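Note that this is a predicted model, so its numbers are computed, not measured. Chain A is the first sequence line, chain B the second, and so forth, proteins listed ahead of strands; every chain is numbered from 1.
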Amino acid sequence: MNPRYNPRTIESEWQRKWDESRIFQPDISDKEKYFITIPYPYLNGNLHAGHTRTFTIGDVIARYRRMLGLNVLFPMAFHATGTPIIGLAELIAKRDPETLRVYTELHGIPDDVIAKLDSPESLVEYFGMESEAAMRLIGYSIDWTRRFTTIDPAYTKFVEWQFNKLHELGHIVKGSHPVRWCPNDENPVEDHDLLHGEGANILDYTLLKFKLASDVSDVSDVSDGSGRSDEWILPCATLRPETVFGVTNLWVNPDIVHAKVTVNGEQWIVSEEAYRKLTHTDKVVRKIGEIKGEDLIGKTVENPLINHNVLILPANFVDPANGSGIVMSVPAHAPYDYLALRDLKGANLGKYGISDDISDLKMISLISVPDMGEFPAIEAVDELGVSNQSDPLTEQATKLVYRREFHNGVLKENTGKYAGIAVSKIKDVLTSDLVERGVADIFYEFSELPVVCRCGTTCVVKMVKDQWFVNYSNPEWKDQVYAHLADMQIIPEELRVEFENKIDWLKDKACARRKGLGTRLPWDNEWLIESLADSTIYMSYYIISKYLDRIDVSQLTPAFFDYVLLGKGDARNLPINEDLAKQIRADLKYWYPVDIRSSGKDLVPNHLLFFLFHHVAIFPKEMLPRAIAVNGFVSLEGAKMSKSKGPLLTLKHAVTTYGADVTRLYILGTAEHTQDADWRSESVNNNQKQVEKFYNLVYRVISDPEADEPPKIIDKWMMSRLQHRISETREALEVLRTRHALQNAFYLLMHDLKWYQRRGGVSSLKAVAHVWIRLMAPFMPHICEELWKGIGEDGFISLSEYPAPDPNLVDRCAERAEELVENTLDDIEEIIRVTSMKPERITLFTAPAWKNTVLKQALIASRSGKLDMGALMKELMQDPEIKKHARDVPKFVQQLIKDVRTWDAAQVNNRLEGLDERAVLSEALEFFERELGCAVAVLDADAIDATDAARDDLDPQGRRKFAEPGRPAIYVKDTN
RNA sequence: GCGGGGGUAGCCAAGCCAGGUCAACGGCGCAGGACUUAAGAUCCUGUUGUGCAGACAUUCGUGGGUUCAAAUCCCUCCCCCCGCACCA
């Protein structure tokens with residue numbers, strides 16, 4: 001064994017031995033099994049620090065369970081379906097400079113390699129290879145014999161089977177759905193496809209149809225004018241349809257040209273932009289003409305709900321890109337409308353043919369809000385001091401009104417049958433009423449504008465028609481998932497409510513796409529199965545993938561999957577060999593269900609949910625997953641990582657820089673559960689030193705000859721502490737608190753060991769080391785294998801038994817004894833520090849017998865629940881030995897009772913055992929002298945009387961009277 | 001807006017569910033010391049304030065409350081992070 005820690009050599013050596021010995025390639029056996037899976041990584045880049053965290057947690061679980069004696073299966077595969085790999089291949093093929101930079105500099109792809117990665121296949125091949133190499137480099141105990149990628153023909157068969165199943169079960173339905181859409185690419189766009197508007201949601205506006213009271217067929221018309229009636233509709237898009245009852249006018253931008261269009265047989269006037277948006281909806285739309293905004297001003301329209309004609313007024317704030325380009329005005333409740341109207345007062349509108357004084361326009365209030373008057377818009381404007389419609393404060397005023405009205409507002413009498421309904425409840429009810437009556441439509445619009453695709457095109461909301469959906473909204477299905485969730489372990493437990501909420505919130509999800517890699521829908525070949533949908537139950541495929549070298553793709557028939565996965569049918573009637581089929585079926589029954597699925601927290605609202613839904617749909621109860629664990633992200637020096645922009649730290653880079661064990665230790669020890677971990681190179685360096693220290697310490701222990709000293713109190717203490725560390729570590733690992741586990745298994749234990757050595761302990765070192773390296777093996781497997789060999793053990797530490805606490809070695813008295821020594825040392829040091837003395841000699845006085853008697857009586861009283869000052873005093877005073885000190889007893893008892901009351905039963909019992917403090921301190925005298933650099937003596941406070949004390953200068957200040965059980969009196973004699 | 005998580009000493013970060021031994025684990029940084037020719041490494045001590053005897057005072061986002069006792073329980077308010085989808 002090398003006296004110097006050399007991670008590179010150690011790590012590659014043990015990785016080779018693990019691989020050669022195939023110890024991580026389990027077969028079914030009589031042993032209890034444990035099946036752990038981690039979501040496979042997507043192959044559009046190299047593995048980074050985020051993957052490192054999730055996978056390392058998985059590996060620790062695998063290694064820990066293996067050392068607990070379970071037969072552990074930890075497989076891995078790669079995800080390639082979907083669009084990003086195609087997108088990346090295109091960018092590389094185009095020699096996009098930014099992409100080339102990111103992938104060479106951040107992902108570490110050599111210059112001569114990247115040029116060849118211009119096809120999806122080459123990317124999958126390359127990143128698959130690199131990812132496996134990286135995972136081997138960090139020492140994961142993965143069974144690589146089961147590896148696959150999701151574009152393998154065999155996997156495709158599996159996905160087809162799965163979707164046919166779901167289809168049969170009625171979980172796949174057809175429908176329409178609004179998506180963000182790029183008209184140029186003719187494809188839905190994702191966040192990372194966007195130049196602007198990444199945060200934009202799709203909102204459902206209500207489109208209210210105001211009928212134009214006059215015919216505008218001929219006004220500024222440039223169209224063919226064929227086949228139209230004289231009825232024109234001006235639709236207004238609003239998020240607050242109830243305010244239709246308060247409309248006083250419409251706003252039209254006089255400076256823009258509007259489109260005349262037919263929409264499902266009706267004639268509408270909307271902005272040019274709105275027309276374009278309408279063409280992507282499920283409506284039949286045709287442009288038939290144009291009309292200038294100014295030609296509409298001054299005309300009147302009819303409110304679709306109430307018999308009330310209102311005027312169209314000019315407004316420059318109307319944005320043609322937003323909604324329909326026509327806006328309804330509700331000045332009582334909308335600050336913009338109120339201000340625009342106010343600004344218009346007194347203006348000459350004669351050029352629009354408006355002769356009426358618009359000051360006469362009556363505001364209509366339709367919502368009553370507590371603490372606000374009739375016109376909340378006016379109040380908000382006044383409250384915030386908004387000056388005019390272009391004041392940025394208008395936005396705030398709008399929000400203020402909305403918030404108050406939405407939460408506390410109630411509809412007034414003038415809303416007819418809706419009167420009395422809370423504003424927060426009205427939208428859906430009213431909209432569906434209006435749509436039914438034909439006076440409104442739903443119109444989808446982005447919450448933020450503009451939304452621009454990377455190609456530069458402005459995106460729209462498109463209604464994708466005849467789309468295939470997984471009907472997650474099905475209440476019965478949800479109930480089943482919900483019920484199963486209750487039986488599962490969720491780590492951390494706080495996330496359970498999150499899962500419950502998400503199950504509740506989940507709606508139908510489109511599961512087919514036009515573009516990307518993947519499997520075609522078996523019954524509708526035009527569609528590709530969406531890439532989250534094809535990766536929900538693939539954990540079962542790991543069982544099959546092991547045998548694919550013996551099976552032809554054509555043999556992977558529905559009957560085959562039915563048999564091996566569900567046990568349906570007869571093994572004799574399958575395209576493959578009967579024994580093989582039975583073998584696979586036996587494997588599945590042995591390994592399934594998944595015991596734990598551990599993943600990053602980003603997958604909670606999607607993959608992990610689908611994982612549950614699909615399992616519940618397809619598999620019987622006993623095959624459903626048992627636990628889900630979730631961990632947080634990793635940032636780099638405080639900055640968020642980004643695969644496509646940086647900063648990025650690849651797994652490979654981390655391991656080659658710091659070593660596998662150091663990387664593992666750091667990533668596991670820096671955060672736990674859903675907390676995000678921050679990777680700081682400075683801290684990693686420090687970790688590196690700690691690992692070295694660990695190696696050197698254990699190496700020394702191994703090389704030093706066995707100590708033949710008899711065990712002392714400190715040895716009992718060390719072994720006792722070790723048991724606590726073991727328990728804490730195991731308990732933490734059970735719930736994947738890796739940081740807590742490491743605090744105990746590594747740092748605190750190292751701390752204990754240092755104290756032990758400082759106290760002169762030697763004879764337990766070998767025993768502790770033997771436990772310690774096993775305790776650390778799941779976290780730092782390579783170094784521990786090396787030390788395990790060094791300590792003289794044959795075989796792999798990876799297959800050794802994980803340390804279990806031995807209750808017989810827990811020694812409370814030894815711990816209390818050590819506490820006494822430590823506290824006494826602290827006290828002495830504090831005295832020296834505060835008084836700035838240079839000690840010549842120190843005398844410790846242990847408590848006199850009577851005080852110990854009092855304590856004992858108090859403890860007994862406390863145990864029987866009758867700790868009471870009066871009763872205790874009475875009892876004590878019957879003891880002549882105590883009565884001798886009658887003057888000091890009450891004060892001591894009073895303080896003591898206070899202390900005893902804060903102790904729980906265990907502490908009380910423990911203290912009842914008593915401790916020979918003089919013996920403990922005597923054994924530590926040498927230690928005290930070494931630490932303090934002067935002579936130290938310990939005496940019983942009873943042992944000397946006043947004359948002795950004065951004569952021998954043992955205790956000239958009478959310190960010994962302060963001696964108490966657990967707290968010896970201290971006399972420090974100064975040199976001066 | 002809805003849902004989830006969180007605010008602890010210069011920084012990171014335990015503790016909070018099961019109130020008391022919490023001036024508050026641990027680490028980093030910083031300061032001092034030991035060792036060394038020196039540096040590094042290692043070890044020790046300190047790091048809210050006061051204090052010439054082991055103590056006291058004030059602290060755990062804010063303001064209240066419950067309690068003999070609150071970082072921990074209850075309420076108010078403020079602030080930060082994440083998700084809200086058809087995307088892996």
Side-chain angles (χ1 to χ4, degrees), chain A residues 39 41-44 79-85 177-180 188-193 199 201-202 399 402-403 406-407 424 464 467 469-470 492-495 497-502 504-513 516 530-533 535 601-607 609 632-633 638 643 669-678 680 682-683 685-687 689-690 692-693 696 739-740 742-744 746-748 751 754 757-758 819 823-824 826-837 898-899 901-904 907 931 957 959 962 966-972 974:
Chain A
Y42 188 71
L43 292 178
N44 68 338
H79 198 196
T81 41
T83 51
I85 288 179
H177 199 74
V179 296
R180 282 195 304 217
V189 282
E190 304 145 24
D191 269 356
H192 61 263
D193 293 330
N201 295 318
I202 294 174
K399 281 195 175 137
Y402 177 75
R403 198 170 304 149
F406 183 82
H407 293 292
S424 54
V464 178
Q467 167 78 284
F469 287 85
V470 185
E493 188 57 41
E494 302 94 86
L495 244 70
V497 58
E498 175 85 351
F499 274 98
E500 288 170 354
N501 289 340
K502 296 295 181 200
D504 191 41
W505 151 92
L506 196 63
K507 297 180 208 140
D508 287 358
K509 182 175 190 310
C511 61
R513 294 289 304 266
E530 192 271 328
S531 63
L532 286 177
S535 51
K601 65 182 174 188
D602 49 330
L603 301 187
V604 172
N606 42 70
H607 166 74
L609 229 42
F633 304 132
K643 261 192 202 177
T670 195
E672 67 195 358
H673 284 342
T674 53
Q675 286 174 336
D676 292 345
D678 189 23
R680 300 183 182 200
E682 198 186 330
S683 307
N685 284 327
N686 200 270
N687 250 255
K689 288 178 201 161
Q690 300 283 332
E692 248 167 69
K693 213 192 294 180
N696 295 338
R739 180 182 152 85
H740 192 73
L742 276 172
Q743 287 289 335
N744 282 281
F746 194 62
Y747 302 100
L748 292 177
H751 209 253
K754 268 191 241 162
Q757 290 184 304
R758 191 172 155 200
E819 214 173 287
N823 290 344
T824 305
D826 282 350
D827 284 347
I828 297 170
E829 284 178 336
E830 184 170 355
I831 292 166
I832 293 171
R833 188 170 59 249
V834 170
T835 60
S836 319
M837 285 195 277
K898 246 189 187 172
D899 291 343
R901 281 198 172 132
T902 67
W903 298 340
D904 63 25
Q907 286 168 310
E931 291 287 322
Q957 298 160 353
R959 291 274 156 204
F962 297 117
R967 191 169 180 272
I970 298 162
Y971 168 59
V972 181
D974 197 357

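For A/R680, the salt bridge (charged side-chain N to carboxylate O under 4.0 Å, His left out) partners two or more places apart in sequence, or in a different chain, are A/D678. With sequence neighbours excluded, the residues that form a salt bridge (charged side-chain N to carboxylate O under 4.0 Å, His left out) with A/E672 are A/R737. Every residue two or more places apart in sequence or in another chain that forms a salt bridge (charged side-chain N to carboxylate O under 4.0 Å, His left out) with A/E931 is listed here: A/R758.
Residues A/H79 and A/I85 are not in side-chain contact: their nearest non-hydrogen atoms beyond the backbone lie 4.5 Å or more apart. With contacts defined as side-chain heavy-atom distances shorter than 4.5 Å, the pair A/V604/A/L495 qualifies.
The distance between atom CG of A/D826 and atom C1' of B/U45, rounded to the nearest whole Å, is 11 Å. The interatomic distance linking A/I828 (CD1) with B/C44 (P) rounds to 18 Å, in whole Å. Rounded to a whole Å, the CG atom of A/D676 is 10 Å from the P atom of B/G83. Spacing between atom OH of A/Y42 and atom C1' of B/A88 amounts to 7 Å, rounded to whole angstrom units. Rounding to whole angstrom units, NE2 of residue A/H740 and C1' of B/G15 are separated by 10 Å. The distance between atom CD1 of A/I202 and atom P of B/C86, rounded to the nearest whole Å, is 6 Å. The separation between A/E692 atom CD and B/A41 atom C1' is 9 Å, rounded to whole Å. We find that NZ of A/K507 is positioned 11 Å from C1' of B/C86, with the value rounded to whole Å.
Using a 4.0 Å heavy-atom cutoff across all strands shown, A/F469 reaches no nucleic acid atom at all. Within the nucleic acid shown, A/T81 comes within 4.0 Å of sugar-phosphate atoms alone, with no base atom in reach, counting heavy atoms only. Using a 4.0 Å heavy-atom criterion, one finds that A/L506 contacts the bases of the nucleic acid, with or without backbone contacts as well. Note on A/H177: a base of the nucleic acid sits closer than 4.0 angstrom, heavy atoms only. Counting non-hydrogen atoms under 4.0 angstrom, A/P968 reaches a base of the nucleic acid. Looking at heavy-atom distances under 4.0 Å, A/A533 makes no contact with the nucleic acid at all. At the heavy-atom level, A/V972 lies under 4.0 Å from base atoms of the strands shown.
Residue A/Q675 has no polar side-chain atom (N or O) positioned under 4.0 Å from OP1 or OP2 of B/C81. Contact between the side-chain N/O atoms of A/R758 and the OP1/OP2 oxygens of B/U45 is found at a separation under 4.0 Å. When the side-chain nitrogen and oxygen atoms of A/K643 are compared with OP1 and OP2 of B/A88, none of them lie within a distance under 4.0 Å.
Using modelled atom types, one side-chain atom of A/N696 and one backbone atom of A/E692 make a donor-acceptor pair closer than 3.5 Å. Remark: the backbone N or O of A/P605 is not paired with any side-chain donor or acceptor of A/K502 at under 3.5 angstrom. Looking only at distances, no side-chain donor or acceptor of A/N686 sits under 3.5 Å from a matching main-chain atom of A/E682. Checking side-chain atoms of A/S535 against main-chain N and O of A/S531 turns up a donor-acceptor pair under 3.5 Å.
Pairing for B/C2 is with B/G83, a Watson-Crick or G-U wobble pair whose two hydrogen-bonding atom distances lie under 3.5 Å. The nucleotide B/G46 finds its pairing partner in B/C30, both defining distances of the Watson-Crick or G-U wobble pair being shorter than 3.5 Å.
In this structure, A/P968 and A/T824 approach most closely via the heavy-atom pair CG-OG1, 3.6 Å.
Both A/D508 and A/K601 lie near RNA chain B, and the one whose nearest nucleotide falls closer to the 5' end is A/K601.
Separation of the P atoms belonging to B/G7 and B/G15 is 10 Å when rounded to the nearest angstrom.
A cation-pi arrangement is absent between A/K509 and A/F469, since the terminal nitrogen or guanidinium carbon is not both under 6.0 Å from the aromatic centre and inside a 45° cone about the axis.
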Detail all sub-3.5 Å separations between protein N/O atoms and N/O atoms belonging to nucleotides 55-57 of chain B.
{"unit_1": "B/A55", "atom_1": "OP1", "unit_2": "A/R967", "atom_2": "NH2", "d": "3.2"}
{"unit_1": "B/A55", "atom_1": "N7", "unit_2": "A/E830", "atom_2": "OE2", "d": "3.4"}

Please tabulate the protein-to-nucleotide N/O contacts below 3.5 Å involving nucleotides 2-10 of chain B, giving atom names and distances.
{"unit_1": "B/G3", "atom_1": "O3'", "unit_2": "A/N501", "atom_2": "ND2", "d": "3.2"}
{"unit_1": "B/G3", "atom_1": "O2'", "unit_2": "A/N501", "atom_2": "ND2", "d": "3.0"}
{"unit_1": "B/G4", "atom_1": "O4'", "unit_2": "A/E498", "atom_2": "OE1", "d": "2.8"}

### Query
Tell me, for nucleotides 17-31 of chain B in 5' to 3' order, what letter each nucleotide earns: B for a base near a protein heavy atom under 4.0 Å, S for only sugar-phosphate near one, - for neither?
---SB----S-SS--

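A salt bridge between A/D826 and A/R833 is absent, with no side-chain N of the basic residue lying under 4.0 Å from a carboxylate O of the acidic one.
Of the candidates B/C84, B/A53, B/C11, the closest approach to any side-chain atom of A/W505 belongs to B/C84. Nearest nucleotide to the side chain of A/V834, out of B/A85, B/G51, B/G83: B/G51.
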### Message
Please determine whether side chain to side chain contact (heavy atoms under 4.5 Å, CB included) holds for the pair A/T835 and A/V972, giving the CA-CA distance in whole Å, both sets of side-chain angles, and the decisive distance to 0.1 Å.
### Response
CA-CA 10 Å; A/T835 60; A/V972 181; over 6 Å; no

